[in-house]
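Below is one structure, written out as structure tokens; the observations come after it.
Lettering of chains follows the sequences in order, A, B, ..., and the numbering in each one begins at 1. These figures come from a predicted structure and were not determined experimentally. We use all heavy atoms of the structure for the numbers below, so side chains are in, but hydrogens, waters and symmetry mates are not.
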Amino acid sequence: MGDATGSDGAAASAPKKDAGEKKAGKNRYRSTLNLPSTDFAMKANLVQNEPQSLKRWDKLGLYERLRERGESQPRGRFVFHDGPPYANGSIHLGHLLNKCLKDFVVRTRQMGGWDCPYVPGWDCHGLPIEHKVMTELVESGKIEKLNGLDEDTRRLAIRRECEKYANKFQKLQTQQMRRLLTVADYEHPYLTMQHDYEGAVIETLAGMVEQGLVFRALKPVHWSIANETALAEAELEYMDREDPSVYVDFEAMDASAVYDAFGLGAELTAEDAESAEEGSGAGLEGANAQRYEGGAETKEQGSSSVNSVPSVVSPLGRPGQTPTFMIWTTTPWTLPANMAIAVHPRFVYALVRMDGNVTVVARELVDKVAKIGGAEGVEVLAETTGDRLVGLRYRHAFVESLPAFGEEVRETNTDKVWTLVSAEYVTLEDGTGLVHTATGHGADDFNTGLREGLPVYCPVREDGTYDETVSEWLRGEGVFEANPKIVKHLRESGHLFHHHDYEHSYPHDWRSKTPVIFRATEQWFIGVDREFLAPSEPEDWPPASLRERSLNAIMLDPNAEPSSASQKQEIEEYWQIRAEIHAKSLSNAGVHLTPGSSSAEIREAFKEFNDPQFQASFARIHNVEFVPEWGKNRMRGMLENRPDWCISRQRAWGLPIPAFFTEDGEVLLTAASVRAVARIFREEGSDAWFKNDAGHLLRYYDVDADPDVPPSVSSCLRGDSRGLRSKTRSDHGTLRKSGDILDVWFESGSSWNAVMRERSKSEAHPEGEDFPIELYLEGSDQHRGWFQSSLLPGLAVTGRPPYEAVLTHGFMVGRDGQKLSKSKGHTIESLFENHGADVLRWWVASLPYEGDMKVDEEFFRLAGESYRKVRNTLRFMLGNVGGGVHEGMSESANEGQDSSESVAPSLLRSIAPTSLESWVLGEFDALREKVVSAYLRYDFRAAHAALYDFCNDTLSAVYLAAIKDRLYCDASDSERRASAQQTLRALTDGLCRLLAPVLCHTADEAYRSLLGVDKGDGATCVHLLAFPEASSVERDDAWAKVMEVRDEALLALERIKESGLENPLDAGLILPDPDGRLGRFNAGDLADLCGVSLVTLDAAGDSVRVEDLRERYPRCERSWKRGPDVRERGDGGVLSDRDAQAVVGV
RNA sequence: GGGCGUGUAGCUCAGUUGGUUAGAGCGCGCCCCUGAUAAGGGCGAGGUCGCAGGUUCGAGUCCCGCCAUGCCCA
């Protein structure tokens, strides 16, 4: 190598000479040293080696071994429950994160002294799979054949394909998760399509039916007229389509109420009115009114803020004509079902004169509407905000009187029909700012209707034709055919302001390619506001709704000790609220609270308060813990606002809702009937629903013993009025089966019952040992998903939440902090190939998972580098611990099964408080405490950082550097060396255990290397061990001072480099020791710690001094240290006393 | 548009109840070692704490608004 380049000065020749010296020394004594040696390779080769570890653990039956040991775990059971991923496709980065975090939880609990079983699950039913299967059936042409079959057979055929599909991907994902080195009961996973699981879900439903929470009501869904079926979002295809765009005037019922709302003065005289009408379009001289020429670009209005105070008030007084409200729609066929008009409460609306009519339009849109309609004379008469319009009544354009609505399950308010209502989703982009609201034909409309108590009205039948409730001229007409008729009718009756054809993107049925409509259909719901008494609750308690219960359940226990300021405030508020609510009862009981009473006083007052209402409100608090804490607020917001839960879907791949209908349309769905079907599902699976008639499905149902059966259904079931033959199949067989299946969220939301209660039931624990569950851990999207879908059934059936704590993680985002694009996602396989599972796990452990996490290929590479540092530290220690297992290891540690004997106690007792060993073991104790506590509070990132820093700083930079000399140069049997080795062994053992939950391959590999087990030994495994115990070795209190002085020394050595003293081994240090504390330490230890040859202490010194030893002492050819005892020996070598003796010993 | 989050060195992140000169790792620069060597060690340079207001003796930290971005909803 070009070392001649630039080495032409006198300065360059000196180091050259030095290098020559070293070379000679190296050749002479190298073989007499104890240099590191280990079979633990520097190169991890994870891609090849991890699968071998996996095989070894499989052979060992690691999961089963852990379970066998479960009974004896000192801290009992930790109940953790896996949320089921969807059995579709390959796992991706989101799964990677989720599964690693779960594995960390399971493994840290396991090693922390708990028994932590982990049953992985898969969500198998549902539309994504069915949709995929249907697409394949369409592409292969097989669908034609299926369409010729009867519905049950058709569905069975589809279900068979879906099941195959789900099985395939469940298996694929299992392999990938195993490759991630996660430990789980993969031999016995739970699948939501397993028979027992299905039965348990239906039993959960039965529990909710029993509480009266399940009901049927109308709700609009996407509806394919061609196939007469409901469609899911995924089955829609958006295509362009031309529809009539109509602007329709609805006449106000009470003109003066409208003018009041616009703040207009008293009514005009007849004369005024006349002249006003004459002048329409021309405007009035001198009037302060804004004038618009039809279609002219008058933009002043349009550019002003929506929220500004209405500024234009017409001095005209009131026009003598009835104003109208103008709406816009592209689905005129929904007009017969118009129930209300929605306005935005904060938008400004204008009362305008437009082509002679007086109408209401959003101020921002006056221009646009006038232009579209080609209105010639436009004049704003007055303005007001939307909230002032709310409640105004109008006349329907062609419906004379309200139709007779069917019996609504929900409370409705027909007074609000044909009034203006408030809605936040109204926009100013299109239309008029007044939105035609048909509760039976739109999602927004439906929600508005729910809030306002409007009836859900849908006059459209399954085949897309109007039913008998509409105006005569529309009856039986198809909705799309009705469009022109309605337009014509509106025009003729003078309600049409404008009509043109309009091309827009419109949803179509993906199969028939025909346009879909929104149509209200009967769906099953779980009512979140229906009050009930949970099974275990005393009868004098007040009933409560799921909404109230769920909010209570996640609420903080007001008697708990607050751990943060926000908690303290929450508790404070709780007591204040209770004081208000119960003030009267308390006062009756002789307790008087003043408004200024502190929460402590209130709490005291409540102590002996026996009001059942109060007791209930307490008992329903379950203090579910959220990690991070804000998850609770998030969930609370959602629970406060969530609508009733629609649990029915019109699909094939799912669990049938076990409802039956009589010929008269009466429904049978009682707790007993549902349980009867559940029993069938347990025995035969849910396919039984499609293979059998009601007679078979209700085989276990005894109508006579069912108190809840509706009388009409009961008589139908009994077959005749004589009440005989009540249990015969043929009579049940006349019932029609429901065609709906359950929302898959209800299935996964029942897993606490179907898996955890079910699988942990025993004689000793009839209710299931694993319920309630201690922890759910999922992405933060599950606040709306699984956390809620589990919470509601849990509360309904058991009266308590299924979990005690909820831990959430965020999502992967790209480097730029933006959503990760699916296309460029790294495949899991490529990540395994390029990095190995341990590196991926190491990376996951480093993530701040509470929020969004940035991902980039480079980050995996960086994680790999950081992993390598840890690996090298382990390797160095393994290289220096000496001849494997037999040297000084206790027998118990040798067996690799004992948790507490990792550091030989005899050794520890002999360690002096001033020794390097005492320092490093003390540091290890601190690390152990830090890491274990971080693990147990799920702060894997803190554990990761602590472990990394310990390897690099405490070990690599300080301790290992300091003991190199004694390890290499001391005589093999020196006590000093043995002590260091024992310590190394303890540290390596401890480090392996602490690393094991994250680096499960590497930690095991290192541990096995430490014990020197051979490849054939499959039983030695770090994962069967516990975290290390503290060494609790005694440590001199001056160690902090020593490390402080060391820092100073390193700085001083750095500074001295400029003067040519570049190698610290050529230097000696004079350390200040005013209080004599350093004097307690061995000078050689201090020198090793600072990396120099000699240390002397100076009681009078006040700073570190460096001395150049190069002239004073020769350099030992073996240890390369300089010192007074270095001299030429008998063999001609220049050696220190220690080295001379060591050489003799060899 | 709403609810809940996030925004601190080039990068990834710590920053306890508001209190010295805002920390760490990576990367970068310079240097040492060549007996952990496709390793190891030392020193150093990097920040208007997203932007703009406010409260306070004092704000990365508390309040308000805005911008960017994520999840969920509309």
Quiz item: Considering heavy-atom distances to RNA chain B, does N952(A) or S1119(A) have its closest nucleotide positioned more toward the 5' end?
Solution: S1119(A)
Self-check item: Distance, P atom - from rU20(B) to rG1(B), rounded to whole angstrom
Solution: 40 Å
Exercise. Would you please confirm or rule out a distance under 4.0 Å between OP1 or OP2 of rA36(B) and any side-chain N or O of K964(A)?
Key: yes
Quiz item: When the nearest nucleotide of RNA chain B is assigned to R1055(A) and to D816(A) on a heavy-atom basis, which residue is associated with the more 5' position?
Solution: R1055(A)
Exercise. Report yes if a side-chain nitrogen or oxygen of R30(A) is closer than 4.0 Å to either non-bridging phosphate oxygen (OP1 or OP2) of rU34(B); otherwise report no.
Key: no
Quiz item: With respect to V1045(A), which candidate in L1086(A), L1071(A), L1069(A), L1050(A) satisfies the side-chain contact (heavy atoms from CB on, under 4.5 Å) definition?
Solution: L1071(A)
Quiz item: Between D970(A) and R977(A), is there a salt bridge with N-O shorter than 4.0 Å?
Solution: no
Self-check item: Partner nucleotide, any strand, of rC43(B) [Watson-Crick/G-U, under 3.5 Å]
Solution: rG29(B)
Quiz item: Expressed as a whole number of Å, how far does the P atom of rC51(B) sit from that of rG27(B)?
Solution: 28 Å
Self-check item: Integer angstrom distance from the C1' of rG58(B) to that of rG54(B)
Solution: 15 Å
Self-check item: Nearest-angstrom distance, C1' atom, rU17(B) to rA59(B)
Solution: 14 Å
Quiz item: On a whole-Å scale, what distance lies between the P atoms belonging to rA39(B) and rC49(B)?
Solution: 38 Å
Quiz item: How would you list, by chain and number, every residue that makes a salt bridge (charged side-chain N to carboxylate O under 4.0 Å, His left out) with E929(A), sequence neighbours excluded?
Solution: none
Taking only nitrogen or oxygen atoms into account, show me every contact under 3.5 Å that the protein makes with nucleotides 5-12 of chain B, one pair per line with its distance.
unit_1, atom_1, unit_2, atom_2, d
rG5(B), N2, D852(A), OD2, 3.1
rU12(B), OP1, K854(A), NZ, 3.2

Side-chain atoms of residues 955-965 of chain A: list all donor-acceptor pairs with protein atoms under 3.5 Å, sequence neighbours left out, distances to 0.1 Å.
unit_1, atom_1, unit_2, atom_2, d
Y959(A), OH, E917(A), OE2, 2.6
D965(A), OD1, R1138(A), NH2, 3.0
D965(A), OD2, K1121(A), NZ, 3.2
D965(A), OD2, R1138(A), NH1, 3.0
D965(A), OD2, R1138(A), NH2, 3.2

Quiz item: Does any nucleotide pair with rU69(B) by Watson-Crick or G-U wobble geometry, both distances under 3.5 Å, and what is it?
Solution: rG5(B)
